[in-house]
Amino acid sequence: MAEKVATNARHMSEKELTEDGRKILEEGETFGVNPTFAAIMVKHKPNPWGKGHLMLYLLCTVCFLNSTMSGFDSSLMGSINVLENYTNYYNLPSKGTTSTGIVFSIFQIGQMCAALFVWIADWLGRKWFIFIGTIGVIVGAIVTATAQTLPTFIGGRFLLSFFATCACSASPLYLVEVAPPQYRGTLAGLYNTFYYFGSILATSSVYGAHKHLSHKGNIDWRLPLWLQMVCPAFVSLVILSFPESPRWLVGKDRHEEARAFLVKYHANGDPDHPLVNLEMAEMIDSLQRDPVTNWRNFFNLRVLFKTRARRYRTMLNMTFAWFGQFSGNNVVSYYLPYLLANVGIKDADTKLLLNIIYAIVGYIFSSVGARMHDVIGRRKMLLGATAGLIVSLSVTAGTAAGYVNTGSKASSSASIAFIFVFGAIFAFAFTSMQPIYPAEVMANDMRAKGMGTYKITGGCAGFINTFAAPIALTNIGYWFYVFFVFWDCFEFFFMYFFFVETKGLTLEEMDEIFEAKNPRKASTDVKKVKIRTVLGTDGKVEEEVGV
């Protein structure tokens, strides 16, 4: 994990020799958890703008479009729920009730059901599971957009959620496994930023349709439902032409294809690059010890719990899944119009416009945060952001209480402002990290099943939020914020004591971290790595790495 590169690397005169008499040509040092990888990044770091890397960025960008599905749905439902044409058509109440909660929370139910099938990504491969998911989303979107009754509409949302989860589980798997270790946080982190891209598309389409088409029957809410299939349709057309994950290929004993991938996309076409040799050796060693392709392994959940290290990994996976859905964020994203009504914003157009602005703010901050994962590190970002959530929610609760008790417009404006501050902080660290951290902390043979566990846990948290939130907001108002203030305090301390740092390590190097007595401490134990270039006795230039 090359965190800092010393600037005092010095050229040695030919008179300076090693202990065995070889000439020292150059000497320097860096800092990292893994000495070999740190040395490679200092001496042979691949050009991030080389041809192979640019092609990899293009592949990843297409996968990013799958993330639009979740963002589109959350903002779409939050937006059309304020439209009278929609609520009157299905005879839904204007205030949040159990019926409203079921329409929203069926998405989490579908998500949890689909999580039971993520093992298919180990069987068929990552890209085939993405393809199946995107085709299913198209079918689900057609059902919801044409539904004549509320049960049909709910059923369509279940199908949409089920298959969206298939695609949205396989996409982070693919991205984490194809990304170079030095940019894994950025590339995989950008995936979830497209959640907000989907949210912007949804809120903008609802706003435009309501503004110009509300007088034409139900088109103002049915049109956005049709648009829900656009991004997954594009992905389904091209995904099968993509190369497979090199780790899945190694697991299938297709080593030459895996090496060819690393040479092309990680080393910009250099077959002798040391990073290729390092990654291939680590992948082969890891997958030979713990294979994932035997049919018996597809259903064997013991891999998640059979050792202390694996239980620790699974604990991090599940707790982050819960934290990512239960920090107050789901309440804001799904029920922003309700929150605005609680502080005096009643006009439908104003609510929809603020929904769009909220999505744009999230998109900007999550995109910046995705790059910071590889600069600041996962652990520091999560701790800092959680502290920020506590402060912003506290102020939101206080100002909302001020408006409710006094009717102060200043309190109303401040409450809205800090809802946006909360959204920006959450997007910066949590949103962009949600597809990375749960996959990173799992071993190769655990990863697909771990993402299934992640989806089930996140679905449970999201279900509780979306089902209970409209009732809670109606009955206790701003006290709902107060609950999340105390919960986020718990999250902060839990992360401080247990969450590991994964920045800059290959996926296989994390095996050693979790085998340590204290994984959190081992992950932050940065060593000084000495690097020197010497002239061998045979006249060849050699590099040596030491700690």
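No hydrogens, no waters, no symmetry mates; every other heavy atom, side chains included, goes into these values.
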Where P438 and N317 come nearest, the two heavy atoms and their spacing: O-ND2, 3.2 Å
Non-hydrogen side-chain atoms of R447 and L507 separated by less than 4.5 Å: yes
Side chain K127, main chain F242, donor-acceptor under 3.5 Å: yes
Other residues, nucleotides, ligands: >12 heavy atoms within 6.0 Å of F494 CZ: yes
Side-chain donor-acceptor contact under 3.5 Å, E279 with T506: no
Main-chain N/O of V375 paired to K503 side chain as donor or acceptor, under 3.5 Å: yes
Residues, nucleotides or ligands: over 12 heavy atoms within 6.0 Å of F365 CZ: no
Sequence neighbours excluded, every pair satisfying side-chain hydrogen bond (donor to acceptor under 3.5 Å, both in side chains) that has a member inside residues 45-57: H53-N268
Neighbour count >12 (heavy atoms, 6.0 Å) for atom OH, Y183: yes
Stepwise ring-ring contact (aromatic ring centres under 6.0 Å, His included) check, W487 with F484: CA-CA 5 Å; W487 177 261; F484 281 109; 8.2 Å; no
Flag for T431-Y196: side-chain donor and acceptor within less than 3.5 Å: yes
Shortest non-hydrogen contact from P172 toward Y191: CG-CE2, 3.9 Å
Heavy-atom donor-acceptor pair, S286 side chain to E282 backbone, under 3.5 Å: no
Short side-chain to backbone donor-acceptor contact, T68 and F64, under 3.5 Å: no
Backbone of F418 reached by a side-chain donor or acceptor of S392 within 3.5 Å: no
Residue pair S366 / Y195, side-chain heavy-atom distance below 4.5 Å: no
Whether F426 and F422 hold their rings parallel, tilted or perpendicular, with breakpoints at 30° and 60°: parallel
Distance flag, aromatic centroids of F162 and F117, threshold under 6.0 Å: yes
Heavy atoms from other residues, nucleotides or ligands near CH2 of W322 exceed 12 (cutoff 6.0 Å): yes
Passing option when T386 is tested against F492, Y496, F490, F323 for side chain to side chain contact (heavy atoms under 4.5 Å, CB included): F492
Cationic N near anionic O, under 4.0 Å, R126 to E177: yes
Exercise: do T186 and D374 side chains pair donor with acceptor under 3.5 Å: yes
